[in-house]
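First up is the structure itself, then whatever we jot down about it.
As a basis for the values below, the full set of heavy atoms in this structure was taken, side chains included, without hydrogen atoms, waters or symmetry mates. Proteins get letters first, then strands, A, B, ... in listed order; numbering begins at 1 in each.
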Number of protein chains: 2
Amino acid sequence: MPHQADIRQVLWQLAFQFKANSKRAIRDYDLPLNGMHVRLLQMIARQPACTAQRIAASTGRDKAQITRVIKELEAMDLVTRSPNPEDRRSQLLALSKTGQGLMTRIQEAEDEVRKTLLRGIPKKEVDAFIATGNRMLDNLREES
Amino acid sequence: MPHQADIRQVLWQLAFQFKANSKRAIRDYDLPLNGMHVRLLQMIARQPACTAQRIAASTGRDKAQITRVIKELEAMDLVTRSPNPEDRRSQLLALSKTGQGLMTRIQEAEDEVRKTLLRGIPKKEVDAFIATGNRMLDNLREES
DNA sequence: ATTTATGGTTGATATTGTCTACTAATTGCC
DNA sequence: GGCAATTAGTAGACAATATCAACCATAAAT
């Protein structure tokens, strides 16, 4: 497969390939989860006092979709919802015991993918890549 | 929205935001197309003597999906299929007159997104980004 | 107190991705 | 030449992801 000169192609391919590899890794670990499950678990793990709204905002996804995935995660006993003392409309999300255990294994699976992705690329170059990527994100977000 | 330190987040966000912006741009131009339509049109436009197989290979997507989208494009009279003289199993894809006209407008729409994306980022930095991205792609592809 | 905005939910529907099985043609090999 | 293994494309079924609009309960604004 040839190298892509076009920024569009690079972004599409990267996202697609990365997603495909992650999916494979997760499946190899026998985790009964899809991509969204994993992503939300990660966000919940990272953010203390996380609400659905916050996830929707920081991923740019539709809140309806978030609700649905969270519901599934709760049904799998991976996530707990407790009332938010500061706002009775919303709920605080947290990983359950089981969820935390799963997270460990997810991290392992994804770390492997990341290691593959970054193989042989100097840290400095990766940092530059991330920095540029963030600038692009800023540009896109300002727009909307 | 905070900057992402994690390569995963950056890739996900970039792909998602870029897709969302492109979609909006296409819609603003009143083109009755979805993302895949656009992508395949672009590939067909770029490659002379393009076959379905080639597209499937170079995007990494399932060939069944490609078939479907192409069928839709043909139904919309945007793409023509002609027998491949070198292999009677396959067909050569090309843009129709209408398709070519549409392409011009698609390019305009996507160029705007790209301009937004790259605003204020020096060419050298963009080139480095693309180069690093391609290295990552190589890493991911070797794997599978 | 009434209006307006927000967090979350649900339903409907569109888009995208994956897997399997199948036909027809090609290729490799004997 | 004949036959097995590949390959290009198609079709069906289904899973995963995205989008949109309507809705309820609470909160915020005035």
Q. Hey, is the main chain of V113(B) close enough, under 3.5 Å, to the side chain of N21(B) for a donor-acceptor pair?
A. no
(Q) Donor-acceptor pair, distance only, cut-off 3.5 Å: does the side chain of R39(B) make one with the backbone of G35(B)? (A) yes
Q: Would you state whether a donor and an acceptor, one from the side chain of R88(A) and one from the base of dT26(D), lie under 3.5 Å apart?
A: no
Q | Phosphate OP1/OP2 of dA11(D): any K71(B) side-chain N/O under 4.0 Å | A | yes
Q) Does the S96(A) side chain pair with the main chain of D77(A), one donor and one acceptor, at a distance under 3.5 Å? A) yes
Q | Short side-chain N/O contact from Q65(B) to OP1 or OP2 of dT10(D), under 4.0 Å | A | no
Q. Would you say the side chain of E112(A) lies within less than 4.5 Å of the side chain of E108(A), judging by non-hydrogen atoms?
A. no
Q) Which listed nucleotide (dC19(C), dT6(D), dG17(C)) is nearest to the side chain of F16(A)? A) dG17(C)
**Q.** Residue whose closest nucleotide on DNA chain C lies nearer the 5' end, R68(A) versus R27(A)
**A.** R68(A)
(Q) Looking at N34(A), I'd like to know whether one of its side-chain N or O atoms comes within less than 4.0 Å of OP1 or OP2 on dA15(D). (A) no
Q.
For dT18(C) and K23(A) - does any side-chain N or O of the residue sit under 4.0 Å from the phosphate oxygens OP1/OP2?
A. yes
Q: Could you check A20(A) against R89(A) and say which one's nearest nucleotide on DNA chain C is further toward the 5' end?
A: R89(A)
Q: Using only side-chain N and O atoms of S90(B), determine if any of them is under 4.0 Å from OP1 or OP2 of dA8(D).
A: no
Q) When you measure from the side chain of K63(B), which nucleotide among dA18(D), dG9(D), dC20(D) comes out closest? A) dG9(D)
Q: Specify the angle, to 10°, made by the local axes at the two ends of the helix from dA1(C)-dT30(D) to dC30(C)-dG1(D) when five pairs are taken at each end.
A: 40°
Q.
When you measure from the side chain of R105(B) to the backbone of Y29(B), do you find a donor-acceptor pair of N or O atoms at a distance under 3.5 Å?
A. yes
